[in-house]
Number of protein chains: 2
Amino acid sequence: MAGIKDVAAAAGVSVATVSRVLNAHPSVSADAHARVLAAVDRLGYRPNAVARSLRTAQTRTLGLIISDVMNPYFTELARSVEEQARALGYSVIIGNADESPRLQDDHVRTLLDRRIDGLLVSPTDGGSPQLLDAARAGTPTVFVDRWIPGVDVPVVRADGRAAVRDLVAHLHGLGHRRLAIIAGPAATTTGSERVDAFRAALGEYGLELPEEYVGQGDFQAESGRRVTEAFLALPEPPEVVFAADNLMALGALDAIRARGLHLPDDIALAAFDDIPWFVHTDPPVTAIAQPTGELGRAAVRALAALIEGRPARSVTLPARLVVRRSCGAPATAAAHPSRPRPRSNP
Amino acid sequence: MAGIKDVAAAAGVSVATVSRVLNAHPSVSADAHARVLAAVDRLGYRPNAVARSLRTAQTRTLGLIISDVMNPYFTELARSVEEQARALGYSVIIGNADESPRLQDDHVRTLLDRRIDGLLVSPTDGGSPQLLDAARAGTPTVFVDRWIPGVDVPVVRADGRAAVRDLVAHLHGLGHRRLAIIAGPAATTTGSERVDAFRAALGEYGLELPEEYVGQGDFQAESGRRVTEAFLALPEPPEVVFAADNLMALGALDAIRARGLHLPDDIALAAFDDIPWFVHTDPPVTAIAQPTGELGRAAVRALAALIEGRPARSVTLPARLVVRRSCGAPATAAAHPSRPRPRSNP
DNA sequence: ATCCTCCGTGTAATCGATTCCACGGAGCCA
DNA sequence: TGGCTCCGTGGAATCGATTACACGGAGGAT
């Protein structure tokens, strides 16, 4: 493969001049400029990014560590991150932590070895050593979706409090009084926050969130099923199940169906994280939608700022309630102005 | 950050010796070995992969170009690829082509600039120039899921012919005679193959596949909806719609519901590509399941072989039919004793 | 005792770019 | 005309590893 030396020889200039042309350095004569370009073209020369990285100490590569790639929410996040990174001239190496702190640390280590310019993480737990070291050592880092309290790193996330309040209002308006939640792991910020928001919102209506209405899940479908089964086996089962993420909602859906129960008449279901599939289930599932794409883009922008020495601030975007039919709302209430209205015929 | 020179100084040896220890070269005395390890540990030294790559001309990085990351099938593929690559000591840079040849070429170019060791591609079209160049220039390349005819590159994919035949048998057994298909883009191998397999299978039952029962989709949900609407508007609509991928099946599902029709009584639906969600729709969707995880792993193994100079052969794995309720099978028929034989009772 | 062979080690070249510095020439001003 | 400032250019150092080659010393064979 042709190197910069070959180009220099072919153009009759030094490697320094070739490099200048390639990097748009101003002091190059028009003549030399043209000859270099011609030589580059003729040889099909492409600069070796590895060599460039060694010299400049920049790889123009971002590391993205995702808790669970198979979760559609994170898939969408990853997609928007990759897109925005590409737009800014960065490539992305993705690591799937699978909700395992060990795997997460493993990824941090290889990414650091590869001298990525920055790290984008939705941390799996509260304090995996490698990650903390990296952040403290000054590796440009941004947390997305979840974060680790006490670590001074910009956080890009959605605030679901208002949407959860809207959800509770919606449920209360429909006459529901016994509301239960399937929580995520307490070690994750999203795990605990959503329960807090839910409890606070219930409080505004003078409603309690009894212990037995808080099920402990792990953001995976199976745990949603298990918890829901337990709910249904209660002497006084809840009227509504609110799942703290989409996969657990799925498990809940299964458990409900397996019992022969019907949504929304026998029990209501709502979920945190809206995903395309919720439109296609029967009935469509009421959910709290995060601005996932914008979250990914904002995270990359913040990270790029950090990398390029500009200041980066945390970003919190509002989530919003998307009412569908799984809680018993009249179909027409689902209206969201810019979205197609679901059919109203039964 | 500490470099190899610092380690050498700290251990009182030369950089060559440090390098030998790090690379498990045999001729190092036990004493030196121990001192180097101690120094590495003390300084928290981690070798710079960029420098190493420059010297060795190996990045231990794979490029993965996916047609559409948001498609659960490809998400799962990407996940298994990343997993297997990690197991073999490779990192993966993912590029999302979004079914666009231009974007695909763009990714090929940046990946090549980064001197990735090998390329894993599910090609978006029949002949994007960069990709062909790369393959011909000797970049280790493996096609996965889709391939480009005439290019001499190992292909790892699933063969759906037998499963499609099983599906048609299943449908025929249920009394269906008017079967339609939503095809993928003809430019992709998977687009045309599935139609061919379907037509061939129909032929075995003396059934035709009339022109108006072949809808042209693009592997996206919206096209599935559009095509299905056209099917339903036909003077004699089909009794079964077979979608050539999961997203188009989703669109079909929507179109069917929008018409107020009911699965499986009014019309039957089946899909190529099984995904977790098909279990959770109502009714669960009968689908042809690819061994996606195994596909991803096999592809990485083949690519690693190519990279390491070993020969790599193409791999074709069988897909299998997973009967659920969307075509009218009794619910209990969904069980599969490893390879379910479609029921013969009507 | 002499020579040969290994073994452990260090010196220095190398990978392919970027970039500091020096240098010659042209243009400008006094 | 002499001196100064730019401008375009090239030589060479540099990034941080790997590795070919050389070398001194120990041990074995003759």
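Sequence lines set the chain letters: A, B, ... in the order given, protein chains first and strands last, and positions in each chain run from 1.
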Can you name the side-chain contact (heavy atoms from CB on, under 4.5 Å) partners of B:Q58, sequence neighbours left out?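 B:Q58 satisfies side-chain contact (heavy atoms from CB on, under 4.5 Å) with B:T56, B:R60, B:D117 only.
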Rounded to whole Å, please give me the gap between CZ in B:R20 and C1' in D:dT19.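 B:R20 atom CZ is separated from D:dT19 atom C1' by 8 Å.
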Would you mind reading off the distance between A:R60 atom CZ and C:dT18 atom C1', rounded to a whole angstrom?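 In whole Å, C:dT18 C1' and A:R60 CZ are 15 Å from each other.
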With a 4.5 Å limit on heavy-atom distance, are the side chains of B:F219 and B:T188 in contact?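 With C-beta onward as the side chain, the pair touches.
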Spell out protein contact along nucleotides 22-28 of chain C as letters: B when the base is contacted, S when just the sugar-phosphate is, - when no protein heavy atom is under 4.0 Å; keep the 5' to 3' order. -------
Determine, for nucleotides 12-17 of chain D in 5'-to-3' order, which nucleotides have protein heavy atoms under 4.0 Å from the base (write B), from only the sugar-phosphate (write S), or from neither (write -). -BBBBB
Pairs where residues 68-77 of chain B contributes a residue and the test side-chain hydrogen bond (donor to acceptor under 3.5 Å, both in side chains) is met, not counting sequence neighbours: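 Those involving residues 68-77 of chain B are B:D68-B:Q220, B:N71-B:D245, B:N71-B:N246, B:Y73-B:D145, B:Y73-B:Q290.
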Would one find more than 12 heavy atoms of other residues, nucleotides or ligands at under 6.0 Å from atom CZ of A:R313?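 For A:R313, atom CZ is not crowded (no more than 12 foreign heavy atoms under 6.0 Å).
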Note: A:R86-A:E82 ion pair, threshold 4.0 Å (strictly below):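 Here A:R86 does not pair with A:E82 in a salt bridge, since their nearest N and O are not under 4.0 Å apart.
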Can you tell whether the side chains of B:R79 and A:D98 come within less than 4.0 Å, N to carboxylate O?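 Looking at A:D98 together with B:R79, the answer is yes, because their closest N to O distance falls below 4.0 Å.
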side-chain hydrogen bond (donor to acceptor under 3.5 Å, both in side chains) involving B:E99 - partner list, sequence neighbours excluded: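 Counting only residues at least two positions away or on another chain, B:E99 forms a side-chain hydrogen bond (donor to acceptor under 3.5 Å, both in side chains) with B:R146.
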If only side-chain N and O atoms count, and only distance matters, is there a donor-acceptor pair under 3.5 Å linking A:S67 with A:S122?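 Their side chains do contain a donor-acceptor pair, which is all the 3.5 Å distance test asks for.
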Near DNA chain D, counting only heavy atoms under 4.0 Å, which residues of residues 27-44 of chain A show up?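 The answer is A:S27, A:V28, A:S29, A:A32.
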To the nearest 0.5 Å, how far apart are CD in A:Q104 and CZ in A:R109?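 The distance works out to 11.5 Å.
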I need the A:H33 NE2 to A:S27 OG distance, nearest 0.5 Å.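 These two atoms lie 11.5 Å from each other.
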For a quick check of understanding: with a heavy-atom distance under 4.0 Å over all strands, which category does B:V13 fall into, base, sugar-phosphate or nothing?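 Sugar-phosphate contact only.
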OP1, OP2 of D:dG10 versus side-chain N and O of A:T17: anything below 4.0 Å?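 For D:dG10, OP1 or OP2 has a side-chain N or O of A:T17 closer than 4.0 Å.
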